[in-house]
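Count residues from 1 along the sequence. Remember, predicted model here, so these are calculated numbers, not experimental data.
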Amino acid sequence: MSHKSPKDFFAPLAVGAPAPLREIPARPSRAIHFFDPSNPKMAAKVPAMVGTVDVLLGNLEDAVKADNKVAAREGLVKIASETDFGPTQLWTRINSLDSPWVLDDLITLVTEIGDKLDVVMVPKVQGPEDIHYVDRLLAQLEAKGGVQRPILIHAILETARGVANVEEIASASPRMQGISLGPADLAADRKMKTTRVGGGHPGYLVRQDPVDGDIHGQRTVFQQDLWHYTIAKMVDACAAAGIYPYYGPFGDITDVVAAEDQFRNAFLLGCVGTWSLHPKQIEIANRVFSPSVEDIKHARRVVAAMGDGTGAVMLDGKMEDDASLKQCLVLVDLAEELAAIDPKLKELYDAIEVD
Ligand SMILES: CC(=O)SCCNC(=O)CCNC(=O)[C@H](O)C(C)(C)COP(=O)(O)OP(=O)(O)OC[C@H]1O[C@@H](n2cnc3c(N)ncnc32)[C@H](O)[C@@H]1OP(=O)(O)O
Ligand SMILES: CC(=O)C(=O)O
Ligand SMILES: [Mg+2]
């Protein structure tokens with residue numbers, strides 16, 4: 001197998017295309033909010049959502065009716081042209097690479113609103129060859145449309161082959177911004193037996209041992225997370241490649257409690273954000289993917305106690321050293337990035353007193 005040399009990896013793939021980035025910017029993206037640009041009621045809400053959510057994503061793929069594919073594409077061009085997105089990123093999810101719509105999706109969006117698009121989400125990515133295809137096409141279209149900065153690529157992990165190839169996908173191009181879990185298509189592709197869009201399943205459990213040998217007696221049941229393995233594998237692949245991992249959709253819009261749990265598990269495992277399918281999920285995602293006041297208070301105490309960052313100290317009966325300091329800096333750095341775009345969080349974090 002031939003590999004590109006480092007100098008080729010960072011060369012534009014088309015004459016006139018912008019140079020690839022050497023590092024993916026750490027822009028807050030706690031919620032990637034999906035809307036259907038062909039749905040007039042949803043589209044009308046988008047301008048007012050600017051500034052309330054880190055990412056607005058015009059969805060062209062699944063959940064948009066086949067008859068509305070062209071209207072969704074044209075609707076997104078209109079919204080993007082007429083809206084000032086300020087601090088909010090604009091992403092799109094294009095149709096799958098084997099669909100009859102994707103070529104026109106890319107041609108239209110990159111040449112008409114390429115300078116406003118931050119990230120193109122590619123569904124059903126099977127391996128690095130899918131990223132290479134989009135990478136070259138984006139470069140050609142950026143050159144054609146005079147786009148000034150490279151549009152990044154986000155892959156959805158929603159096929160068994162994609163999961164098997166996740167490390168190669170994560171490092172397939174300097175455009176790779178991140179990867180999201182796609183639990184619905186992934187469940188179908190793997191022939192899992194859950195019919196839910198993300199979240200757990202009451203049948204996937206571990207049961208407490210029988211008490212006094214009574215197998216029919218009262219035994220506590222612990223529901224397990226169907227997605228733990230895939231999320232952990234995705235987080236490792238993304239961290240190793242210097243890109244960002246995300247949970248995906250949580251389809252039970254009414255169960256805001258379980259959505260919060262699923263999001264928090266992903267946050268604790270290393271994900272930087274999640275999807276929001278309904279306005280009510282944005283607040284949950286923004287809260288869960290922002291470090292809590294308690295976390296930041298503790299992290300700042302450790303930073304203060306560790307002085308030059310080396311050695312070991314005791315704090316509240318616990319050992320802190322170089323490694324736990326690094327863990328705390330993950331939270332402190334994230335808080336700073338979020339405070340820079342979220343005035344309410346800035347106020348909250350600024351008010352923390354470290355004793
Ligand atoms: C497996 C996957 O691929 S997941 C990704 C693909 N799926 C999606 O993108 C789904 C996006 N979300 C939706 O389509 C909708 O939220 C649905 C179908 C789940 C629910 O829609 P509704 O039944 O209209 O929800 P509800 O009645 O609570 O909506 C309240 C209001 O919020 C609006 N709204 C609902 N979802 C959104 C949204 N995602 N963005 C903006 N506005 C929205 C509705 O239009 C409605 O407006 P109105 O008050 O002017 O009538
Ligand atoms: C996210 C997505 O597309 C899926 O779960 O299938
Ligand atoms: Mg899908």
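Here the options are Leu57, Leu56, Val46, Thr52, the test is side chain to side chain contact (heavy atoms under 4.5 Å, CB included), and the partner is His33; only Leu56 passes. When Asn95, Asp104, Asp105 are each tested for a side chain to side chain donor-acceptor pair (under 3.5 Å) with Lys69, only one passes: Asn95.
Contact check for Leu157 versus Val125: no side-chain heavy atoms found under the 4.5 Å cut-off. Taking the side chain as every heavy atom from C-beta outward, Cys238 and Ile243 approach each other to under 4.5 Å. Residues Val272 and Phe289 are not in side-chain contact: their nearest non-hydrogen atoms beyond the backbone lie 4.5 Å or more apart. Side chains of Val102 and Ser96 form no contact here, defined as non-hydrogen atoms less than 4.5 Å apart. Contact check for Leu21 versus Leu152: side-chain heavy atoms found under the 4.5 Å cut-off. Side chains of Ile156 and Tyr246 form no contact here, defined as non-hydrogen atoms less than 4.5 Å apart. Counting only heavy atoms from C-beta outward, the side chains of Phe267 and Leu334 approach each other to under 4.5 Å. Taking 4.5 Å as the limit, every side-chain heavy atom of Ile284 sits out of range of all side-chain heavy atoms of Thr274.
Annotation for His132: atom NE2 counts as buried by contact number, over 12 foreign heavy atoms lying within 6.0 Å. The environment of NZ in Lys65 is sparse: at most 12 heavy-atom neighbours from other residues, nucleotides or ligands sit within 6.0 Å. Surrounding NZ of Lys233 are more than 12 heavy atoms belonging to other residues, nucleotides or ligands, all under 6.0 Å away. Counting heavy atoms of neighbouring residues, nucleotides and ligands inside a 6.0 Å radius, atom CZ of Phe9 exceeds 12 of them. More than 12 heavy atoms of other residues, nucleotides or ligands shown are found within 6.0 angstrom of CD on Glu82. Atom CZ of Arg136 has 12 or fewer neighbouring heavy atoms from other residues, nucleotides or ligands inside a 6.0 Å radius. Within 6.0 Å of the CG atom in Asp84, the count of heavy atoms belonging to other residues, nucleotides or ligands does not exceed 12.
By the criterion of side-chain heavy atoms lying less than 4.5 angstrom apart, applied directly or through intervening Ile, Leu, Val, Met, Phe, Trp or Tyr residues, Val122 is not grouped with Val64; the two fall into different hydrophobic clusters. Note on Trp101: it does not cluster hydrophobically with Ile94, by side-chain heavy-atom contacts below 4.5 Å among ILVMFWY residues. Residues Tyr247 and Val330 do not share a hydrophobic cluster, clusters being chains of Ile/Leu/Val/Met/Phe/Trp/Tyr side chains in contact below 4.5 Å. Following chains of ILVMFWY side-chain contacts shorter than 4.5 Å, one cannot reach Leu13 starting from Val120, and the two form parts of different hydrophobic clusters. Ile24 and Phe10 are members of different hydrophobic clusters when ILVMFWY side chains are connected at heavy-atom separations under 4.5 Å.
Heavy atoms only, all atoms of each residue included: His201 and Gln223 are closest at N-NE2, 3.2 Å. Here the shortest heavy-atom pairing between Gly51 and Pro87 reads CA-CG, 4.5 Å. Closest non-hydrogen pair, Val302 versus Leu315, comes out as CG2-CD2, 3.9 Å. Scanning both residues, Pro37 and Gly58, for their nearest heavy atoms gives CG-CA, 4.0 Å. Contact between Glu260 and Val288 at its shortest, heavy atoms only, is CG-CG2, 3.7 Å. Nearest heavy atom pair, residue Tyr349 against residue Ala339, reads CD1-CB, 4.3 Å.
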* So Ser324 and Met306, side chain to side chain contact (heavy atoms under 4.5 Å, CB included) or not? Walk me through it. -> CA-CA 10 Å; Ser324 60; Met306 279 297 292; 5.9 Å; no
* Asked: What do the steps show when you test Ser180 against Arg93 for side chain to side chain donor-acceptor pair (under 3.5 Å), and what is the final call?
  -> CA-CA 12 Å; Ser180 289; Arg93 177 169 79 168; over 6 Å; no
* Before giving the answer on side chain to side chain donor-acceptor pair (under 3.5 Å), spell out for Tyr244 and Ser29 the whole-Å C-alpha distance, their side-chain angles and the decisive distance to 0.1 Å. => CA-CA 10 Å; Tyr244 298 99; Ser29 41; over 6 Å; no
* Asked: What do the steps show when you test Glu283 against Lys344 for salt bridge (charged side-chain N to carboxylate O under 4.0 Å, His left out), and what is the final call?
  -> CA-CA 13 Å; Glu283 180 277 324; Lys344 279 200 191 130; over 6 Å; no
* To do: Show your reasoning for whether side chain to side chain contact (heavy atoms under 4.5 Å, CB included) applies to Val147 and Leu138.
  => CA-CA 10 Å; Val147 177; Leu138 281 176; over 6 Å; no
* Asked: side chain to side chain contact (heavy atoms under 4.5 Å, CB included) between Leu186 and Arg190: does it pass, once the steps are laid out?
  -> CA-CA 6 Å; Leu186 182 56; Arg190 278 178 173 162; 3.7 Å; yes
* To do: Check the pair Asp118, Arg27 against salt bridge (charged side-chain N to carboxylate O under 4.0 Å, His left out), reporting the backbone distance first and the verdict last.
  => CA-CA 11 Å; Asp118 293 292; Arg27 294 186 69 182; 3.2 Å; yes
* Asked: Can you check side chain to side chain contact (heavy atoms under 4.5 Å, CB included) on Met121 and Phe34, steps first, answer last?
  -> CA-CA 11 Å; Met121 184 182 274; Phe34 273 57; 3.9 Å; yes
* CA sep, side-chain torsions, deciding dist, call: Asp342, Arg30, salt bridge (charged side-chain N to carboxylate O under 4.0 Å, His left out) -> CA-CA 12 Å; Asp342 187 329; Arg30 293 164 291 182; 3.4 Å; yes
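A donor-acceptor pair under 3.5 Å is formed between the side chain of Lys116 and the backbone N or O of Thr83. Checking side-chain atoms of Lys191 against main-chain N and O of Asp189 turns up no donor-acceptor pair under 3.5 Å. At distances below 3.5 Å, not a single donor-acceptor pair connects side-chain atoms of Thr88 with backbone N or O atoms of Asp54. Looking at Arg300, its side chain never comes within 3.5 Å of a backbone N or O of Val332 through a donor-acceptor pair. Side chain of Asp130 to main chain of Gln126: a donor-acceptor pair is present (N/O by atom type, distance under 3.5 Å, no hydrogens or angles). Looking at Arg219, its side chain never comes within 3.5 Å of a backbone N or O of Val211 through a donor-acceptor pair. Checked by atom type and distance alone, the side chain of Asp185 never pairs as donor or acceptor with a backbone atom of Ala188 at under 3.5 Å. Glu167 contributes no side-chain N or O that, together with a main-chain N or O of Asn165, makes up a donor-acceptor pair within less than 3.5 Å. The backbone N or O of Asp214 lies less than 3.5 Å from no partner atom in the side chain of Asp212, so there is not a single donor-acceptor pair.
With salt bridges taken as basic N to acidic carboxylate O contacts below 4.0 Å, none links Asp252 and Arg196. Between Arg301 and Glu320 no salt bridge is recorded (no basic side-chain N to carboxylate O distance below 4.0 Å). A salt bridge does not link Lys78 with Glu74: every distance from a Lys NZ or Arg NE/NH1/NH2 to an Asp or Glu carboxylate oxygen is 4.0 Å or more.
A perpendicular orientation is assigned to the rings of Phe250 and Phe263, their planes being inclined by more than 60° (bins at 30° and 60°). The aromatic rings of His154 and Trp91 sit tilted relative to each other, their planes meeting at an angle between 30° and 60°.
In this structure, CG in Asp295 is found 12.5 Å from NZ in Lys297, a value given to the nearest 0.5 Å. Between the CG atom of Asp36 and the CG atom of Asn68 there is a distance of 6.5 Å, given to the nearest 0.5 Å.
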